[in-house]
Amino acid sequence: MAREALESGLYDTLQFPFSSLSSAEDLELAREAREKDVGFIAMKALSAGSSRTPLRPSPSSEATRASCRSGASRGRRSSTIPRLEASPPVLDDAMRVLIERDRAELSGSFCRGCGYCLPCPAGIEISMAARMTYLMRRSRFELFVTPEWRAKMELIEKCTGCGGCRKKCPYGLDTPALLKTQLAGYRELAR
Ligand code: SF4
Ligand code: SF4
């Protein structure tokens with residue numbers, strides 16, 4: 001759909017999930033946007049919190065910024081983000097190591113938190129629940145061991161297996177299976 005939108009010539013901008021974990025195909029899309037002079041807006045640039053990207057500046061968040069910047073937006077780049085443009089990060093070997101580590105860990109079946117699979121008839125907050133163990137390991141653990149989150153995660157047991165989420169996931173994830181894995185990991189971590 002993104003490629004179709006790009007090739008239609010109808011749009012000035014394209015918003016697309018884009019991060020340091022993006023595939024070669026995604027990078028190609030960003031290059032095509034640049035060639036066609038279509039603004040490319042990186043959506044979920046921090047991989048919805050799954051990559052090693054704390055919100056404050058750090059080597060890892062700089063790696064994500066440098067990666068997105070070098071991959072997509074030369075030409076029209078983020079002049080509206082003065083701080084980034086004042087001292088733009090440059091993708092270096094140390095950053096590449098961090099990115100490769102994230103890719104090795106998250107390649108394949110990782111939920112980007114886009115929420116396209118919602119709503120779930122069982123009320124499961126899929127876009128959070130399907131990446132819970134990553135969130136717990138990479139952000140503030142204590143936010144997710146509350147009674148509220150324990151109850152929300154246990155809702156996964158109510159999954160009817162309707163498959164609605166799997167059909168809607170643009171990343172081809174086996175979402176019900178992923179949720180079960182995440183619930184097992186959550187119970188282990190939250191003990
Ligand atoms: S398969 Fe389970 S998680 Fe997915 S939409 Fe159906 S009930 Fe919800
Ligand atoms: S399971 Fe797929 S559609 Fe649902 S939030 Fe995750 S990546 Fe998005």
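Note that the numbering runs from 1 along the sequence shown for the chain. Each ligand, and each atom within it, is numbered from 1 in the order the structure gives. Only a predicted model underlies this, so the values are computations on that prediction, with no experimental measurement involved.
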J.: Could you check atom 1 (S) of ligand 1 against the protein and tell me its nearest heavy-atom contact, residue, atom and distance included?
T.: G163 N, 3.2 Å

J.: Number the atoms of ligand 2 from 1 as they appear, then name those within less than 4.0 Å of a heavy atom of S127, with their elements.
T.: 5 (S)

J.: Closest approach of W149 and L143, non-hydrogen atoms and distance?
T.: CD1-O, 3.5 Å

J.: Relative to the heavy atoms of T175, which atoms of ligand 2 are at a distance of less than 4.0 Å?
T.: 1 (S)

J.: Would you check if L189 and F141 make a side-chain contact, meaning some heavy-atom pair closer than 4.5 Å?
T.: yes

J.: Begin from the C-alpha positions of E188 and R137 and carry the test salt bridge (charged side-chain N to carboxylate O under 4.0 Å, His left out) through to its verdict.
T.: CA-CA 12 Å; E188 191 65 27; R137 290 199 179 100; over 6 Å; no

J.: In terms of atom number and element, which parts of ligand 2 are under 4.0 angstrom from non-hydrogen atoms of G115?
T.: 5 (S), 8 (Fe)

J.: Using 0.5 Å steps for rounding, measure from the CG atom of L179 to the CE atom of M132.
T.: 10.5 Å

J.: What class does the angle between the rings of F40 and F18 fall in, given that below 30° is parallel, 30 to 60° is tilted and above 60° is perpendicular?
T.: perpendicular

J.: Looking at F110, I'd like to know if the NZ or CZ of R112 sits under 6.0 Å from its six-membered ring centre while staying within 45 degrees of the ring's axis.
T.: yes

J.: Determine whether any heavy atom of K168 lies closer than 4.0 Å to an atom of ligand 2.
T.: no

J.: For ligand 2, indicate whether the residue A130 contacts it via side chain, backbone, both or neither (heavy-atom separation under 4.0 Å).
T.: neither

J.: Check each heavy atom of L179 against ligand 1 and say whether those closer than 4.0 Å belong to the side chain, the backbone, both or neither.
T.: side chain

J.: Have a look at A129, G172, C169 and point out the one with the heavy atom closest to atom 2 (Fe) of ligand 2.
T.: C169

J.: Give the residue and atom name of whichever protein heavy atom lies nearest to atom 4 (Fe) of ligand 2, and the separation in Å to one decimal.
T.: C117 SG, 2.3 Å

J.: Closer than 2.8 Å to atom 2 (Fe) of ligand 1, do we get an N, O or S atom from C120, backbone or side chain?
T.: no

J.: Would you mind telling me if ligand 1 is within reach of the side chain of C165, the backbone, both or neither, using heavy atoms under 4.0 Å?
T.: both

J.: Hey, are R34 and E28 close enough for a salt bridge, meaning a charged N less than 4.0 Å from a carboxylate O?
T.: no

J.: Can you pull out the closest protein heavy atom to atom 6 (Fe) of ligand 1? Residue, atom name and distance to 0.1 Å, please.
T.: C162 SG, 2.3 Å

J.: Checking K36 against E7 for the salt bridge (charged side-chain N to carboxylate O under 4.0 Å, His left out) test, could you report, in this order, the C-alpha distance in whole Å, the side-chain angles of both residues, the deciding distance, and whether it holds?
T.: CA-CA 9 Å; K36 292 182 189 307; E7 286 165 4; 5.6 Å; no

J.: Only heavy atoms of P176, strictly under 4.0 Å: list the atoms of ligand 1 that pass.
T.: 1 (S)

J.: Could you pull out the closest heavy-atom pair between S127 and C111, with the gap in Å?
T.: O-SG, 4.1 Å

J.: So which protein heavy atom does atom 8 (Fe) of ligand 2 come closest to, and at what separation?
T.: C114 SG, 2.3 Å

J.: Salt bridge check, K152 against E148: does any charged N sit closer than 4.0 Å to a carboxylate O?
T.: yes

J.: Find all atoms of ligand 2 within a distance of less than 4.0 Å from any non-hydrogen atom belonging to Y171, and give their numbers and elements.
T.: 7 (S)

J.: Please identify which atoms of ligand 2 are closer than 4.0 Å to at least one heavy atom of P170.
T.: 3 (S)

